[in-house]
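Here the structure is laid out as structure tokens; the discussion comes afterwards.
Just so we're on the same page: letters track the sequence lines, and every chain starts at 1.
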Amino acid sequence: CQIRPLYGTLPSGGTVRDDTRAIRIEAATTRVGQELRNELIFAFTGGGSAAAQPLYSLRIVLSEHESAVGVEKLADVPAAYFILVRASFVLTEIATGTTVLSGSSFASASYDFSTQRFANLRAKRDAEDRAVKVISDDIRTRIAAHFATAG
Amino acid sequence: QTFTESFTGLGVNSNDPIQIEARELEVRDKERVAIFRGDVNVRQQNAVLKAQNLKVFYTGGPGAKGGAQDISKLEAGGKVYVSSGDQVATGDKAVFDLKAEQLTVSGNVVLSKGPNVIQGEVLEIDMKTGQAKFRSPSRIRMLIQPKSLGKEKTPPGN
Amino acid sequence: QVSTIQEFIDKPSDAEVASDMLVEADQLVYDFDNDRVSAVGNVQIYYRGFTLEAGRVTLDRKTNRLIAEEGARLVEPTGNIIEAETINLSDNFRDGFISSLRVRTIERTCFAAEKATRSEGETTVFEDGIYTAYPECVGKDGKPPLWRIKAKKIVHKQSEQMVYYEGARLEFWGTPIAYLPFLSHPDPSVKQKSGLLVPSYVHSDELGFGVTIPYHYVIAPNMDVTFAATPLWRQGLFVQGEWRHRTLNGQYSVNAAGIRQRDPGAFSGTSGDRDFRGSVRTLGEFHINPRWKWGWDVTAVTDRGFIKDYSRDNKNDDEAVSSLYLRGIGGRSYFDLSTYKFQVFQEEGTGRDGRLRLNPPAFSPPWRDLQDKQPVVHPVLDYSTVFGKPVAGGELKLGANLTSLTRDTTDAYTVLRKSGGRLTRFRGVSGTFTRTTVEAEWRREIIEPTMGHVVTPFIAFQGDMFNLSNADHNVRRQTRATALTNPAVEPFSNDDAVFRAMPAVGLDYRWPFLISSDWGNQVISPRAQVVSRPDETSIGKLPNEDAQSLVFDDTTLFDRDKFSGFDRTEGGTRANVGLEYNIHAKGGGYISMLAGQSFHLAGRNSYAAPDILNTGIESGLQGDQSDYVGRIYLDTSRGLLLGARGRFDKDDFDPARTELQATAFAGPVVSTVTYAYLRQQPESGILDDREEIQNATNLRIAENWRLFGAVRYDLNDRDVVSDGAGIAYDDEGFSMSLAYAQDRSRFDGDSVDRTIFFRFGLRTIGDGQVSTDKLD
């Protein structure tokens, strides 16, 4: 096996970003999906412009599960909530339609229960965003590693 | 008229005149056979037989040519076409055995009557019973319109 | 005008004339004189979408009938398969009679009978027929199926889509168990049909024993109503109804339930101790266009305990959130405008339940007025967008939030001060508060090509305008005393407008290394982030409505602002460092590990300055050097999924918070374990540790049988909080489940709520499209 900087210059000249800039991500339909999509677009383009002609298409299916923890006898209410977000992704090459890379990633974040239910609502929203950032980093690293080795 | 009626008419029993046209005729009296070759066209009333060659076997005295009453067998070959009224049968070979009143067409036979079409290897028509039997090592296929099957029935109820 | 049916049949429509009948056979006999065609030798006939196979088929022109013998098999255009000894059909296949037949429908059900007649292609009458939902009509190795209905006569009316039985009896494994003089049910092909749904049985201590009989009535293809009556042995008749209506661009539903309790005493000491109890919930969602939709979810209850006492599904909800919203998603933007009202299910406390309860002087005690302490949010608006084009080579993100709410009673509680003594803190102050926030962030990720350094400079700004009116002046008096002890903290404001701004500039650096080998890739990535900002202002002066929870873990380590909402903004200069290590095996398995720490370098540490509810002062971030945080995610993609996280004390590495979730599926077992340890946070009002383990397991014990169970065990107090178990049977035509549950978490007077629930369903006869086990 060989060790080298993930974002260093590839043997073919250029860096991993030349490939990731050409990834088009499918439109999102939920808030969490939009957050993930915006994070991934930044990860793939570094804030610069995407490639004029997209070569790859990335499709992500998200699912979320919430569970209460730390429920005590006669307490009626839990101490905290876990948010588990799972993301299955498929990266396909647009020209040939073949699947370049697929996999599923997951992340979980928790928030403390407050008697103020509005605070729980906003804390859940923040936990979802945090979990999405972890998933975005994981998907980005996998795709970059793929282009770095396949290149 | 029905399928059988038309075929019986083909030089089998009636005494209507049979016209046989061909490009060549060879008679081998010893063998009691007359061979017509080249676009053979046999016509009687509204029944027609076309083939590339036709052998007519006859019995009885010498010198008789194509007389109806003493023909025993007709053998037509080379893309045979037999038609009468709205019924047409085609095949590679056709044999009319007048004694047994049996017509056998063989070699990817296609029989059509109005819109109905039957396809098979061997078609045996028994003039006596009016039964046409299709036999085939592979599958026989028939495309029919059930409505057309009925004879011109009188409409029910009157 | 059609004089006789026969004529109608004989006058073929144009389509019928055009459709030919293709016959294939080994042998064909065309009997001209008797007008009969008979095909012999695995005959196949294709006609008007029907397929007929048989050993021998005779087409008789005189009678215009078609007789198929020697193992006839007719496949109808709908896909139903009829196998019989002889089939005698009219030439257009619309009527006929069939002997010793078996009909297998595409819905995998089966009719069998000695004799059946079919007329006008509409009504099929089976004599001495059998109906079952098992496609093979028989169980394994020829034995009768698990259940079937045997009847003198079974009449199937195609246009009515109904099946009627005469002299029917229900048989289980061939032995009759119930005589059903008259029975009818919708044709199996029907998706939505009015009729009784299968009953279910429930028993619990407070309700007694009860049978739910739901009736589903279809008004129109897009409109239906379900009524369910449940006579309860102890509490009387419980009724519920659900109206559902789907329109062109959306749908809405109204769900109402109610009971006049015969024995309210069963709920003595709780809000349920009353005669009439009920709830109404309405849901709706309508699309304005592909990007915008609006909707509502409103719940009204007579008392807090109703949903928990009478509902089977949302038993463990802690509140009902009513909302009205307008939402839009498109491009890279998101918009949400919502109003909220909260209905608390938690019962009022008594303060005498033996647990250490501290009662804040001059305020309502924490266990009372739980409902009045909940705000009405009018509204909360969220908007975020990212500029399509790069700005100065980087990404510019803009966001806005407006939160405006009103609360009647202050939610105060008492905490223990580290330095001794008690302090009153406030999770919510009575009054009306509005905060308008705009935020912007510019960032650009630069890759240094030779060595692969990844550097991300960023600039951010958040501006807030707080408007406070008729705030609880007691809070100001209390907080003025505490503000004296800590210069960073101000007393709760009494002027009605406060402005706050928080600019930030920083850099995020990573240097990921790739170790690629044939079995997979490993990526090691050191990461450091430095943010420099002025100090956070007005700490303690402002309400904190949306930033109350602060969990410092691997997901917040690299958050630029670790608060969970806009009401608090992280100030001062802080560095976050960490090391991440990922392994991705080619086979799909992956491991991801992260460890790190956060350092407060300069300025005021926002997590050490307590606001009105001490957010974050025990979060692990309050010192210059934070606690350690770490995580490990493991997915073997062959049956094990594990996620574990923890925060460990910076000095003695003693765990402050550990969370673990694992799901394993191996062979017949699927099991999920959840473990959590939350150390006490006395300065935030949590006076004791909480440690809990939960397990839910599903075991398939035989081909169709499975056992399931769940337990929630409080490791700290050493007792079982809730547990339950059950057994279920599911197969092609029959499903049954029996579940028993015990819940001790409810603070409703008695120590444990026991529920037994039984439900069964015969597929296509009675199994609910509407789930019948709902009792809410």
Among A:Arg37, A:Arg17, A:Glu35, who wins on heavy-atom pairs under 4.5 Å with chain C?
-> A:Arg17
Side-chain contact, heavy-atom cut-off 4.5 Å: A:Arg86 with C:Leu641?
-> yes
C:Thr456 side chain near A:Phe42 side chain, heavy-atom distance below 4.5 Å = yes
Checking heavy atoms, do the side chain of A:Thr45, its backbone, both or neither come under 4.5 Å from chain C?
-> neither
Could you look at C:Asp689 and say if it's the side chain, the backbone, both or neither that has a heavy atom under 4.5 Å from chain A?
-> backbone
Return yes if some donor-acceptor pair links the side-chain N/O of A:Asn38 with the main-chain N/O of C:Arg332 below 3.5 Å, else return no.
-> yes
Among the options C:Gly565, C:Ser384, C:Gly393, pick out the one with the most heavy-atom pairs lying under 4.5 Å from chain A.
-> C:Gly393
Among A:Leu84, A:Leu6, A:Thr141, the residue with the most heavy-atom pairs under 4.5 Å to chain C is A:Leu6
Check whether any side-chain N or O of A:Thr9 sits under 3.5 Å from a backbone N or O of C:Pro449 as a donor-acceptor pair, and report yes or no.
-> yes
Residue selection (most heavy-atom pairs with chain A, distance under 4.5 Å) from C:Ile446, C:Leu405, C:Val380 | C:Val380
Cut-off 4.5 Å, heavy atoms of chain C, and the answer for A:Thr15 is side chain
Please report the shortest heavy-atom distance between A:Asp112 and C:Leu550, naming the atom on each side.
-> OD2-O, 4.4 Å
Considering only heavy atoms from C-beta outward, does the side chain of A:Thr149 approach that of C:Leu514 to under 4.5 Å?
-> yes
Give, as side chain, backbone, both or neither, the part of A:Ala27 having an atom under 4.5 angstrom from any heavy atom of chain C.
-> neither
Close side-chain approach of C:His584 and A:His146, heavy atoms under 4.5 Å = no
Over all atoms of both residues, closest heavy-atom pair of A:Ala80 and C:Arg657 | CB-NH2, 3.7 Å
Taking all heavy atoms of C:Arg712 and all of A:Val69, pick out the closest pair and write down the distance.
-> NH1-CA, 4.0 Å
Locate the shortest heavy-atom distance separating A:Pro5 from C:Gly452; write the atom from each residue and the value.
-> CB-CA, 3.9 Å
Atom group of C:Phe566 that falls short of 4.5 Å from chain A, counting heavy atoms | side chain
Output the option from A:Ser108, A:Gly14, A:Ala79, A:Ser105 having the highest count of non-hydrogen pairs under 4.5 Å with chain C.
-> A:Ser108
Greatest number of heavy atom pairs closer than 4.5 Å to chain A - which of C:Glu448, C:Gln681, C:Glu691, C:Gln548 = C:Gln548
Part of A:Ala144 lying under 4.5 Å from any heavy atom of chain C | neither
Just checking heavy atoms, which of residues 115-129 of chain A are less than 4.5 Å from chain C?
-> A:Thr115, A:Gln116, A:Arg117, A:Phe118, A:Ala119, A:Leu121, A:Arg122, A:Ala123, A:Arg125, A:Asp126
Given C:Lys389, C:Arg645, C:Lys373, the one with more heavy-atom pairs under 4.5 angstrom with chain A than any other is C:Arg645
Checking A:Ser104 against chain C: side chain, backbone, both or neither under 4.5 Å from a heavy atom?
-> both
Quiz item: cation-pi between C:Arg510 and A:Tyr7, 6.0 Å / 45° | no
Is chain C contacted by the side chain of A:Val134, its backbone, both, or neither, given a heavy-atom distance below 4.5 Å?
-> side chain
Minimum-distance pair of heavy atoms, taken over all atoms of C:Ile329 and A:Thr29 | CD1-O, 3.1 Å
Select one option (side chain, backbone, both, neither) describing which atoms of A:Phe106 are under 4.5 Å from chain C's heavy atoms.
-> both
Picking from C:Asp559, C:Thr555, C:Thr556, what satisfies side-chain contact (heavy atoms from CB on, under 4.5 Å) with A:Lys133?
-> C:Asp559
Measure the spacing between CG of C:Asn544 and OG of A:Ser114 and express it to the nearest 0.5 Å.
-> 9.0 Å
Are any side-chain N or O atoms of C:Gln694 and backbone N or O atoms of A:Ala68, one a donor and one an acceptor, separated by less than 3.5 Å?
-> yes
Determine the option with the most heavy-atom pairs under 4.5 angstrom with chain A, choosing from C:Leu370, C:Leu642, C:Asp336.
-> C:Leu642
Residue from C:Arg427, C:Arg407, C:Arg327 scoring the most non-hydrogen pairs under 4.5 Å with chain A is C:Arg427
Could A:Arg4 and C:Phe513 be counted as a cation-pi pair, given that NZ or CZ must be under 6.0 Å from the ring centre and within 45° of the axis?
-> no
Max heavy-atom pair count under 4.5 Å with chain C, selected residue of A:Ser67, A:Ser102, A:Gly48, A:Gly103 | A:Gly48
Check step by step if salt bridge (Lys or Arg N to Asp or Glu O under 4.0 Å) holds for A:Glu39 and C:Arg443.
-> CA-CA 12 Å; A:Glu39 280 297 318; C:Arg443 55 183 177 162; 3.3 Å; yes
For the side chain of A:Gln34 and the backbone of C:Gly331, is there at least one donor-acceptor N/O pair under 3.5 Å apart?
-> yes
